[in-house]
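Take a look at the structure set out below.
A note on names: the letters A, B, ... follow the listed sequences, proteins ahead of strands, and every chain is numbered from 1.
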Amino acid sequence: MSVSFCGLELAHPIINGSGTFDAIAANRAFAGDLRSDFPFAAYVSKTITLTPRRGNPPPRLWEAAAGLINSIGLPNKGLEGYLAEDLPELVGISTSPRPGGGRRLVPVITNVMGSTALEFSKLVEACEGREEIAALELNVSCPNVKTGLDIGADPSQLELLVRAVRGLTRKPLIVKLTPNTADVAACAEGAQEGGADAVSLINTLRAMALTPPAPSGAADRRAWLGGRTGGLSGPAIRVIALAQVAAVAERVTIPVLGMGGVQSGAHAKELIDVGATLVAVGTESFREPAAGARIASELEALTTS
Amino acid sequence: MSVSFCGLELAHPIINGSGTFDAIAANRAFAGDLRSDFPFAAYVSKTITLTPRRGNPPPRLWEAAAGLINSIGLPNKGLEGYLAEDLPELVGISTSPRPGGGRRLVPVITNVMGSTALEFSKLVEACEGREEIAALELNVSCPNVKTGLDIGADPSQLELLVRAVRGLTRKPLIVKLTPNTADVAACAEGAQEGGADAVSLINTLRAMALTPPAPSGAADRRAWLGGRTGGLSGPAIRVIALAQVAAVAERVTIPVLGMGGVQSGAHAKELIDVGATLVAVGTESFREPAAGARIASELEALTTS
Amino acid sequence: MPPGAARGENRVSQAPFERRLLSVSGVDRLGAYIVLRVADPAGPVPEPGQFAMLATRERWGGGPQERPYLPRAFSVARHRDGESHFLLEDVGPGSRRLCQLAAGEMLWTLGPLGRGFTAPSHGRRAILVGGGVGIAPLAILQDGLEDDPTVLLGFRDGARAEGAALLDGARLATDDGSAGHHGLVTDLLAAELERDPVAVVYACGPAGMLEGVRALCASSSVPAQLALEAGMACGFGACFGCVVPRRDGDYVRVCVDGPVLDAAELDHVDVHAGASE
Amino acid sequence: MPPGAARGENRVSQAPFERRLLSVSGVDRLGAYIVLRVADPAGPVPEPGQFAMLATRERWGGGPQERPYLPRAFSVARHRDGESHFLLEDVGPGSRRLCQLAAGEMLWTLGPLGRGFTAPSHGRRAILVGGGVGIAPLAILQDGLEDDPTVLLGFRDGARAEGAALLDGARLATDDGSAGHHGLVTDLLAAELERDPVAVVYACGPAGMLEGVRALCASSSVPAQLALEAGMACGFGACFGCVVPRRDGDYVRVCVDGPVLDAAELDHVDVHAGASE
Ligand SMILES: Cc1cc2nc3c(=O)[nH]c(=O)nc-3n(C[C@H](O)[C@H](O)[C@H](O)COP(=O)(O)OP(=O)(O)OC[C@H]3O[C@@H](n4cnc5c(N)ncnc54)[C@H](O)[C@@H]3O)c2cc1C
Ligand SMILES: Cc1cc2nc3c(=O)[nH]c(=O)nc-3n(C[C@H](O)[C@H](O)[C@H](O)COP(=O)(O)OP(=O)(O)OC[C@H]3O[C@@H](n4cnc5c(N)ncnc54)[C@H](O)[C@@H]3O)c2cc1C
Ligand SMILES: Cc1cc2nc3c(=O)[nH]c(=O)nc-3n(C[C@H](O)[C@H](O)[C@H](O)COP(=O)(O)O)c2cc1C
Ligand SMILES: Cc1cc2nc3c(=O)[nH]c(=O)nc-3n(C[C@H](O)[C@H](O)[C@H](O)COP(=O)(O)O)c2cc1C
Ligand code: FES
Ligand code: FES
């Protein structure tokens, strides 16, 4: 089951989706030593920005049909806080011992987002200096200040952005594509042209919910989410993710990290069958914190049978 | 409850989504006279093309989490066949008598698609000559022969297309936008600039399914659908539709026809609350043929309470 | 205008436009199958070969896959004493949920739908050929025939072969030899046509079996009516999802142009016509 | 390192990482509420104020809305004889489904989670203030207190007021006057603080009530611990969805920094903190 991805040797192909598992909080909330019994083969941090962000006002969650809409708004301590306080706590984590061999170290993949190429450059440069970081994931789903569209939605713009940071790091560079685009495969190509070592997808799909009618009956039609709109994740988006991952894998030669609505080893295998090398689990971890480990063994059973 | 839309006076705001209700087949399949007891306030034809199409090879359906993927492939008799055989059977249909007043005539909205502006022009010209057609809906979700992207995915291209046909008809022109784009509001603006009288959304979202593992256990990883990929509809896409309809309604001044995953009057009301004038019901009619009438009365109860 | 008038003699009874909430009056085990009895005293009497779209009122959907979402198609296996009978095999989430129904529970029902079998033309004996759960529509067909037909049924194993009790005087074939002829039901059909080809064949079952029946009948120019299956979303011609290719290359909707088709209309029976392969 | 060490004295018992499938040992009606008893002899003993994420094994999800999808958060109301008790009110699809559970059915449980109440500092009497279903964590708190606390509970109506039986020696207030004081429970609290302000207040209930308690205690500088609610997706700090604003403007996660927060940390109780408003 062990797999190599951009030079990282992983215990199995299942990792977490950025922003869907807080290793530090989980290690505190749960008994036992999660640090030596980690459910994922690699740990992806939530998105880190140059300066600290509080995130969006609540409510931040809405449960949709077979899915979840979130408008978390990327709260984080900012680059300095992350490097100084969080990163040290994230090293030395390992998976539980597996039939194959003993414990495998869990490399840290740091996910960063800037609103300009310059911001991305500063983030990448700072991370390049820290050997605890095994790889970088660029979150290019942030809105372009001028157009309001996601930076990553335009293939040529994305290529320029990746090229701008490529020279600043020797670490594997994963570009997390936005699904809110007309042609995700062209965006993946742009990322590859710009020098990305891998692409990951899908991020959440733009969605919205309205405040439910009050018990009184008088309906209040404001947007429910503090961020007004949010991103849809979970089972509802799995077949959309499958189509986008297949389209991207056909178009690029670099490895693909697939995600979106994965709940089982069978779901993970479908993403791998259409071309993904690794599979990330997000929302399912909310239903079951140990989902990553379960899905990894289900996948193992499916592939070795 | 009666509502006017682009000059059409309708019994209520609920109509069918193109390709999700065959009035002629339904009238044959069901007892009683559906023609004088029609569930929808207007009837939208399935997409008509210049020449006949057989559609995609089966299988054409896949049931997803809270949704349906279809790769029907727009089978139709072609323009001539539609005008000669179907259209005459579609006139004189009326809704069931409503508390308000008696029966209301159900106008025919003909949905057409071409792969070039010229094809669209021929379709629109031919329809202009038939008074049985009350309005036209342009399906611009067909792939551009060069780029492979949906024609409607590029705002400026869309504006040119609409402008090219606008002059050819005095009938209300509804542009059915594609949801597979980075900026659906910009596309709506393009349609408005081009002279559209209204926009409708959302069409299905590109999705994919793989052939389920055979009972033998040997998994066959071919794409399940004859068309390889298909379009996702139903409850799973409702919150995405809500976000797109809200974004479009904020940007354009022309009326908006909203659809996507509507199963109840409450769902229809949410689309109206974010700016839709009419609401179309698609997949829900498969679960319940009379869904349109039920949703219309649920909506009436909600809005008059 | 009933479609029957439009083409052929297929017998058609029309469904009410509103799906109806009916109550389960009984559930009987029949070997590997379940016979679901649904009280429907007021509903239209279905014709042999017609089907209904079924969904339970409670617990339709849910679970990690959130399936079933759409209703499922099932042939009417019998209609007597104001009850419709359905023969069910658990092959997935929808049929499994229906198999879990108990007397008194409620069922959403849309039907009868589709075009049924046409009566045997004068002078020709009827041969009923069924495979697995596909024997269902042959039972209600047999109920309506004046002369006793020849009944040939094929099953995978002994447990399924118990389903044969649904019809009278059936001769069996099983893949594993646990009952009747050790082999395919089409072997039995071949012998029958050999013996006396003045017949009309009524067949329903997996696509593979139907294709065998079609080929046999074609080569011995015996008329055959095949009750097809296809994945369905609506059952009343709305979605165009249930198509099978006709000889002339056009696609026809199994739900409104079928499910019973004249074998002569088909070049071959596409494997995808049989969802429950 | 348990977070307890990090800040204050909040009592914390840690959950196993694997969600556990536990069996319902009993379901009791309590006026408008349901008391769900779950057998958990082997699990960690929860601290007062902690909660668990619950989901039924069967029929979680489905129906036209396909909800509930995620597990739901419920305070541990009591823990004795190897059983955890939860007090449920049917306010939506998730709580409704849990209210339908019968003895013997299985429940997915993740917990105990979050930071509980801190013991009353020496010399101050404990005043427990609860509103509606929010009285749940006060019961397990009362079970653990050496000296009898003052218990003030508010309810919407008589049927809900029956829930007061969960605690001992409670004084009541109801919106409709059907039981106890005709008015708000905060009226009772005001009088109590008037009488003797040397106290520490433990409160749980709708956001409106919590804000009233917070304001009262602030003005009479009485320490107060508030058990908050917020819509939650995970319950263990993973999603950052359950935040409430702290006085310093930062957001804190109710599931890991709470649910029990020192009133002094809050500028006000945001209405959205109370999902079951
Ligand atoms: C006219 C007609 C009459 C029928 N009569 C009977 C009858 O009398 N008795 C009976 O038992 N059955 C009958 N069937 C078959 C029955 O409708 C199907 O077996 C049933 O729909 C299966 O649903 P399911 O959820 O149990 O299984 P599914 O999960 O739907 O699997 C059944 C088949 O559907 C395909 N499939 C698998 N997953 C999906 C998916 N996600 N989306 C779409 N397709 C999928 C596969 O080919 C699979 O083998 C009939 C079908 C038709 C069309
Ligand atoms: C720490 C904690 C402890 C709790 N303890 C208890 C307890 O002991 N007993 C008890 O009965 N309850 C308790 N609750 C509240 C309980 O968790 C909620 O009432 C429950 O989640 C409601 O779920 P539901 O599906 O029944 O209702 P929902 O449909 O989820 O509605 C509940 C509220 O959620 C919001 N809402 C409505 N629709 C949606 C949607 N689609 N997505 C997101 N939000 C929506 C609305 O504000 C609504 O009022 C506690 C909550 C927390 C955080
Ligand atoms: C609550 C929540 C927070 C998320 N935060 C981030 C984030 O900070 N950065 C990012 O790149 N993706 C983020 N995502 C997207 C996920 O990493 C993942 O791409 C998406 O949820 C699809 O996978 P899933 O369906 O398995 O959840 C977040 C998703 C959720 C549900
Ligand atoms: C089976 C099927 C066929 C469809 N055919 C068409 C079509 O021919 N033309 C078109 O513009 N939209 C077509 N659509 C899209 C619907 O009109 C509608 O935009 C979409 O299904 C979303 O609505 P819903 O979720 O209520 O189904 C089709 C949808 C389905 C499910
Ligand atoms: S099942 Fe929809 S057209 Fe046949
Ligand atoms: S509920 Fe997910 S962080 Fe609190």
Side-chain angles (χ1 to χ4, degrees), chain A residues 62 64-69 147-150 152-154 178-187 205-210 212-213 217-223 228-232 234-247 261 263 266 269-274 302-303 305, chain B residues 62 64-69 147-150 152-154 178-187 205-210 212-213 217-223 228-232 234-247 261 263 266 269-274 302-303 305:
Chain A
W62 179 264
L68 170 69
I69 312 179
T147 66
L149 302 191
D150 294 352
D154 178 70
T178 172
N180 301 305
T181 175
D183 189 354
V184 70
C187 296
L205 292 157
R206 198 168 296 111
M208 184 180 190
L210 298 184
D220 171 349
R221 305 327 279 162
R222 276 178 304 108
R228 192 154 185 294
T229 63
L232 180 64
I237 71 168
R238 192 178 71 84
V239 291
I240 296 173
L242 198 60
Q244 293 203 358
V245 168
Q263 298 188 285
K269 186 167 187 313
E270 290 205 330
L271 284 169
I272 290 169
D273 286 333
V274 298
L302 281 174
T303 42
S305 76
Chain B
W62 180 263
L68 170 69
I69 312 178
T147 65
L149 302 191
D150 294 352
D154 178 68
T178 172
N180 300 306
T181 174
D183 189 354
V184 69
C187 296
L205 292 156
R206 196 168 297 114
M208 185 181 189
L210 298 184
D220 171 351
R221 305 328 279 162
R222 276 177 303 109
R228 192 155 183 292
T229 63
L232 180 64
I237 72 168
R238 191 177 72 82
V239 292
I240 296 173
L242 198 60
Q244 293 204 358
V245 168
Q263 297 187 284
K269 186 167 187 311
E270 291 205 331
L271 284 169
I272 291 168
D273 286 333
V274 298
L302 281 173
T303 42
S305 75

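Of the atoms belonging to A:L232, it is side-chain heavy atoms, and not backbone ones, that fall under 4.5 Å from chain B. In this structure, the portion of A:A209 lying under 4.5 Å from any heavy atom of chain B is its backbone and not its side chain.
When every heavy atom of B:A66 is checked against every heavy atom of A:A65, the shortest pair comes out as CB-CB, 4.2 Å. Nearest heavy atoms, B:A182 versus A:R206: O-NH1, 4.3 Å.
Interface remark: of the candidates B:D183, B:V274, B:D154, B:D183 forms the most heavy-atom pairs closer than 4.5 Å to chain A.
Scored by the side chain to side chain donor-acceptor pair (under 3.5 Å) test, A:N180 finds no partners at all (sequence neighbours excluded).
Just one of B:I240, B:L242, B:V239 meets the side-chain contact (heavy atoms from CB on, under 4.5 Å) condition when paired with A:I69; it is B:V239.
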